[in-house]
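Report on the following structure.
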Amino acid sequence: MSEPRRTPAEPTTSRSRAVRRRARAAVALALAGALVGGPALADDLDDIRQRIREVEQRESRTSTDKGRSQEAAADLGEHLEHTSAELEAADRRLQETTAKVTAARVVLEEAEADLADAEAEAERIEAELAVARANEASIQESLQVNEEQQQESRTTVGAIARDSYKQGGMGSLATTLELLSGEADAVDRMAMARTVLRVQDQQIRALATQEAQGVAEQDRLAGVRQDIAYLLAQAEANVVAMELARTAAEEAKVALEALEAQQVQDKAALEAEKAKVESELKAEQERSDQLTAELAELAASKQELKGEEQAEVERLAEEARRKAAEEARRQAEEEARRQAAEEAAARAAAEEAARQQAAERAAAREAQRQREVAAEAERRRDQEAAAEAQRRAEAAQAEADRAAQAARDAAAREAAERRAADERASRDAEREREAAVQASSGYLSYPMNAPTTSEFGNRLHPILGVWLLHSGLDFGAPCGTPVTAASDGVVYGTLYDDSRGNYVVVDHGVQRGVNLTTAYLHLESFAVSSGQSVSRGQVVGYEGTTGSSTGCHLHFETRENGTPVNPRTWL
């Protein structure tokens, strides 16, 4: 049986299919190469991604710095509020002391005027004393004269009485007359007798009068001496009292002036401290604003780098597609040239076969064998090219899978480390809470009956996303729940800032050797006012979510000498 004769179109169709297979293999090979990427292209993309990682690291550090800056600014703001309150109190004390100094000067002037009056009164009393002493001397002189007159009268009366006694009554007239006149005229004896009797009576009456005058002068002398003693005592007491009053007024004025000078100095120191804190707060706020601007710049830079990354990825994909298309076109052109050559050879062979009919079958068999060998070789080449393309594609996919797995492993490790850190923080907080409960003095009452939602200690800030000190206890309850004072004290202030919102500070004085204050943050409204005294359990405000807050809760703080401590050591 003779072999059927093939038409010239059969080899052409087989060759077309081979060309298409080789073109597809070339395109697959080019695409695989594009997926793997050349070193230069990969270096550009790695450089962009490295820059993105550096920007993210700087962004994280800047965010942490901003959180610390905001916390420092909040502390400085609180310090400034304390200093301003102390400055206002110092100014009030200074005004009160200045008023007291003015009053003390008036009192001193009045005391000095009183002393001058007392000294004038002393001079007046001294003049009266001089008059009284002159009267005393006059009376003493009068008494001396009276005493001499009495003595003389007593001597005369005694002599008359003795003579009358010796002479038997009237027989003594002669002697009496002789004593009186030194004469003994007989004519005048009778007249002289009457005169003697009259003289004798006068002498007795004069003696009685002199004695009465002496008694009166003695009484007058005693009265004058009492007046002198009273005036002396009055003058001395008056001057001493006025001197003591002036000395006391002077000492009070000096003490108040010293207090005024100290308070002026204290006020100046507080003003200097306030200016310093205001300067530090302004610098910290400027630093916070600078960090905010830097974060915005980093975010913009990161966004720009992300855009560059996306553009580079798209450029790499476009470059890969372009190279693949060029490679496919080149191989298609080579295949077309080879196909044209084969077709020309086929035509020549067909013509030669036509010319050589006798050798057609042999030539056809040889040609068939050669075609089969060529097809087999072509098939092997196509298989090898496809296998190489598949191998490269699998290698690229494996590399991508390994990168993705490495990213997932890194994310898993980071999550595990975060969970471990959270667990450690939770365990540390629990240990601190247990230690705080064991070391608690029980001085303060709970500000509300509600569950504790966050303990004192380091935690991941729910808004800033960085680890910071949580300086109190959080209690969860609906907004509007009453908040009560933990103990007796005085309301230091009802205040507001962007971080704490509405908050109340109560000063409990010195307890256990430290100045203890409590603070009640994020309130919806106040129930007390600054300077008001409150007792344990008295409502000071109502729970809210003002300031930097993610929901209704009470943030409760205890501070020792201004430093926050775990409230459980006092509850």
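The backbone N or O of N561 sits nowhere less than 3.5 Å from a side-chain atom of N515 that would complete a donor-acceptor pair. When atom types are taken as modelled, the side chain of S63 and the backbone of E59 share no donor-acceptor pair closer than 3.5 angstrom. Between the side chain of S69 and the backbone N or O of D65, no donor-acceptor pair lies under 3.5 Å. For the pair S549 (side chain) and T546 (backbone), a donor-acceptor distance under 3.5 Å is absent. Between the side chain of S487 and the main chain of L444, no donor-acceptor pair closer than 3.5 Å is present.
Judged as a salt bridge (charged side-chain N to carboxylate O under 4.0 Å, His left out), the pairs with a partner in residues 538-558 (not counting sequence neighbours) are, in order, E557-R559. Listed by first and then second residue, the disulfide (SG to SG under 2.5 Å) pairs that reach into residues 292-335 come to none, sequence neighbours excluded. Residue pairs meeting the disulfide (SG to SG under 2.5 Å) criterion with at least one member in residues 302-339, sequence neighbours excluded, do not occur. The salt bridge (charged side-chain N to carboxylate O under 4.0 Å, His left out) analysis of residues 472-486, with sequence neighbours excluded, yields the pairs R459-D474. Residue pairs meeting the disulfide (SG to SG under 2.5 Å) criterion with at least one partner in residues 479-524, sequence neighbours excluded, are C479-C552.
Contacts of Q285 classified as side chain to side chain donor-acceptor pair (under 3.5 Å), with partners at least two apart in sequence or in another chain: none. Take E278 and apply the salt bridge (Lys or Arg N to Asp or Glu O under 4.0 Å) test, not counting sequence neighbours, and it matches no residue. A search for ring pair (Phe, Tyr, Trp, His ring centres under 6.0 Å) contacts involving H79 returns nothing, not counting sequence neighbours. With sequence neighbours excluded, the residues satisfying side chain to side chain donor-acceptor pair (under 3.5 Å) with E318 are R321. Listed by chain and residue number, H522 satisfy the ring pair (Phe, Tyr, Trp, His ring centres under 6.0 Å) test with H553 (two or more places apart in sequence, or in another chain).
Salt bridge present: E376 and R380 bring a charged side-chain N and a carboxylate O closer than 4.0 Å. A salt bridge does not link E56 with R53: none of the charged nitrogens is closer than 4.0 Å to a carboxylate oxygen. The pair R330-E334 meets the salt-bridge criterion, with a side-chain N (NZ, NE, NH1 or NH2) lying under 4.0 Å from an Asp/Glu carboxylate O. In this structure, E388 pairs ionically with R392, as a charged nitrogen and a carboxylate oxygen lie closer than 4.0 Å.
Heavy atoms from other residues, nucleotides or ligands lying under 6.0 Å from CG of N449 number 12 at most. Summarising the local packing, CZ of R58 is surrounded by 12 or fewer heavy atoms from other residues, nucleotides or ligands at distances under 6.0 Å.
Contact detail for L76 and V277: the closest heavy-atom pair is O-CG1, 3.6 Å. Closest heavy-atom contact between I52 and L305: CG1-CB, 3.5 Å. Nearest heavy atom pair, residue E455 against residue T452, reads OE2-CG2, 3.6 Å. Residue P447 comes nearest to F475 through the heavy atom pair CG-CE1, 4.0 Å, listed as atom of the first residue, atom of the second, then distance.
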With a cut-off of 3.5 Å and sequence neighbours excluded, list every side-chain donor-acceptor pair involving residues 288-300.
| residue | atom | partner | partner atom | Å |
| --- | --- | --- | --- | --- |
| T292 | OG1 | K66 | NZ | 3.3 |
| T292 | OG1 | S288 | O | 2.9 |

Quick one: side chains of residues 492-503, donor-acceptor pairs under 3.5 Å with protein atoms, not counting sequence neighbours, listed by atom name and distance.
| residue | atom | partner | partner atom | Å |
| --- | --- | --- | --- | --- |
| Y492 | OH | H82 | O | 3.1 |
| Y492 | OH | H82 | ND1 | 2.9 |
| D497 | OD1 | S499 | N | 3.0 |
| D497 | OD1 | R500 | N | 2.5 |
| D497 | OD2 | R500 | NH1 | 2.8 |
| R500 | NH2 | E78 | OE1 | 2.9 |
| N502 | ND2 | L523 | O | 3.2 |
| Y503 | OH | E81 | OE1 | 2.9 |

Determine, step by step, whether Q405 and R402 satisfy the side chain to side chain donor-acceptor pair (under 3.5 Å) criterion, reporting the C-alpha distance in whole Å, the side-chain angles of both residues, the deciding distance to 0.1 Å, and the verdict.
CA-CA 5 Å; Q405 184 62 38; R402 283 195 296 274; over 6 Å; no
Walk me through it: do R93 and E96 pass the test salt bridge (Lys or Arg N to Asp or Glu O under 4.0 Å)?
CA-CA 5 Å; R93 290 194 297 270; E96 293 172 358; over 6 Å; no
Verify salt bridge (Lys or Arg N to Asp or Glu O under 4.0 Å) between R369 and E372, making sure each step is shown before the conclusion.
CA-CA 5 Å; R369 187 185 66 78; E372 289 176 356; over 6 Å; no
For side chain to side chain contact (heavy atoms under 4.5 Å, CB included), just list the numbers for K100 and L259, CA-CA rounded to whole Å, side-chain angles, deciding distance to a tenth of an Å, and then say yes or no.
CA-CA 10 Å; K100 291 179 181 178; L259 178 60; over 6 Å; no
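In this structure, a donor-acceptor pair under 3.5 Å is absent between the side chains of T83 and E273. Looking at Q397 and D401, their side chains do bring a donor and an acceptor atom within 3.5 Å of each other.
Taking the six-membered ring where tryptophan is involved, the planes of Y520 and F556 are tilted, since the angle between them lies from 30° to 60°.
L316 has its side chain within reach of E312: a pair of non-hydrogen atoms, C-beta onward, lies under 4.5 Å apart.
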